[in-house]
Amino acid sequence: MAYWLFKTEPDTFGIDDLKQRPNQTEHWDGVRNYQARNFLRDDIKEGDWVFIYHSSCKLVGIAGLAQVVREGYPDHTQFDSQSKYHDEKSDPDNPRWYMVDVKFSERFNKVLPLKAIKEMPEIRELGLVKKGHRLSIMPVTEEEAELLLLRARG
DNA sequence: GCCAACGTTGGC
DNA sequence: GCCAACGTTGGC
């Protein structure tokens, strides 16, 4: 069982929105970066755990945990001309963009702030704390995950 | 809102 | 296939 971290802007869709979805489940659409796409399409498996990270907001940090309930399948918004994620160059027979479904698992009592994560000496290799990190989907090692969970759950 | 850092695009 | 220009990301 692998661990991942997904970024999202809570003003648009955050951990509380996920919790309120029917069946507490939502598809993770809109990822338009090739490296992140490869993770979604090839590597993220059903049952994997996902840290939900809130970016571009007042309280930047990890807000909770979700679980993958459906593995990579084509992101339908790429074929929707009304969507801001529309990609006219994507071929329906060979879709460019993928997504997974995630289900709410846990909301931490307090957001684990980015600042606190940066101060954890063991968390130095996580893309999140590296300079210029811009990936919206990134792997988290089991060791890092355990430390983050310990810290987040207090 | 600023701006540094990064990914993508497109001319050559 | 290089690389400058451009657009986007995301912390602050």
Side-chain angles (χ1 to χ4, degrees), chain A residues 2-21 26-44 48-66 68 71-102 104-141 143-145 147-154:
Chain A
Y3 290 90
W4 304 89
L5 183 143
F6 289 10
K7 286 185 192 172
T8 185
E9 300 188 10
D11 295 342
T12 306
F13 184 85
I15 188 83
D16 292 324
D17 299 297
L18 179 60
K19 189 177 181 180
Q20 284 160 22
R21 281 293 188 272
E26 186 61 288
H27 50 268
W28 205 266
D29 62 6
V31 174
R32 296 294 181 268
N33 169 284
Y34 286 104
Q35 204 179 339
R37 185 282 310 271
N38 292 344
F39 288 139
L40 288 169
R41 187 189 58 190
D42 305 330
D43 301 319
I44 299 178
D48 283 359
W49 297 101
V50 176
F51 288 99
I52 303 296
Y53 176 84
H54 286 176
S55 70
S56 299
C57 60
K58 260 192 165 170
L59 236 177
V60 171
I62 299 176
L65 196 65
V68 177
E71 292 179 10
Y73 63 106
D75 178 343
H76 56 80
T77 61
Q78 67 194 304
F79 305 120
D80 177 2
S81 60
Q82 302 297 104
S83 170
K84 73 176 210 177
Y85 298 121
H86 181 232
D87 182 352
E88 59 182 12
K89 292 179 188 166
S90 184
D91 175 1
D93 292 329
N94 185 20
R96 186 178 283 187
W97 307 113
Y98 279 70
M99 62 186 181
V100 299
D101 289 355
V102 297
F104 173 85
S105 174
E106 175 180 354
R107 181 189 192 282
F108 301 140
N109 289 332
K110 283 191 287 186
V111 171
L112 177 57
L114 176 61
K115 187 166 183 293
I117 298 170
K118 283 180 172 171
E119 286 167 358
M120 294 171 69
E122 305 90 346
I123 312 289
R124 263 173 307 178
E125 292 307 307
L126 182 61
L128 196 64
V129 301
K130 286 192 169 175
K131 198 174 178 184
H133 59 281
R134 290 179 53 181
L135 260 188
S136 60
I137 305 275
M138 69 186 76
V140 180
T141 69
E143 188 193 358
E144 289 165 342
L147 291 163
L148 290 170
L149 285 173
L150 269 177
R151 187 66 192 272
R153 288 166 173 160

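All figures in this text were calculated on a predicted structure; none of them were measured in a lab. In what follows, chains are A, B, ... by sequence order, proteins preceding strands, each numbered from 1. Quick note: numbers below take in every heavy atom, side chains included, and nothing from hydrogens, waters or symmetry partners.
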- Query: Are any non-hydrogen side-chain atoms of A/W28 and A/T8 less than 4.5 angstrom apart?
  - Reply: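 A/W28 vs A/T8: side chains touch.
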- Message: Any heavy-atom pair between the side chains of A/F6 and A/V100 that's under 4.5 Å?
- Response: yes
Polar atom pairs (N or O), protein with nucleotides 8-12 of chain C, under 3.5 Å:
unit_1 : atom_1 : unit_2 : atom_2 : d
C/dT8  : O2     : A/R134 : NH2    : 2.8
C/dT9  : O4'    : A/R134 : NH2    : 3.2
C/dG10 : OP1    : A/K7   : NZ     : 2.6
C/dG10 : OP1    : A/R134 : O      : 3.2
C/dG11 : OP1    : A/Y53  : OH     : 2.6
C/dG11 : OP2    : A/S56  : N      : 3.2

- Task: Please state how far atom CH2 in A/W97 lies from atom P in B/dG7, giving the value in whole angstrom units.
- Result: 13 Å
- Task: Starting from the C-alpha separation in whole Å, work towards a yes-or-no answer on side chain to side chain donor-acceptor pair (under 3.5 Å) for A/D101 and A/Y73.
- Result: CA-CA 9 Å; A/D101 289 355; A/Y73 63 106; 2.5 Å; yes
- Message: Other residues, nucleotides and ligands only: do more than 12 of their heavy atoms fall within 6.0 Å of CZ on A/R151?
- Response: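 No, CZ of A/R151 has 12 or fewer neighbouring heavy atoms, counting only those of other groups under 6.0 Å.
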- Message: Is it the case that atom CD in A/E143 sees more than 12 heavy atoms from other parts of the structure closer than 6.0 Å?
- Response: no
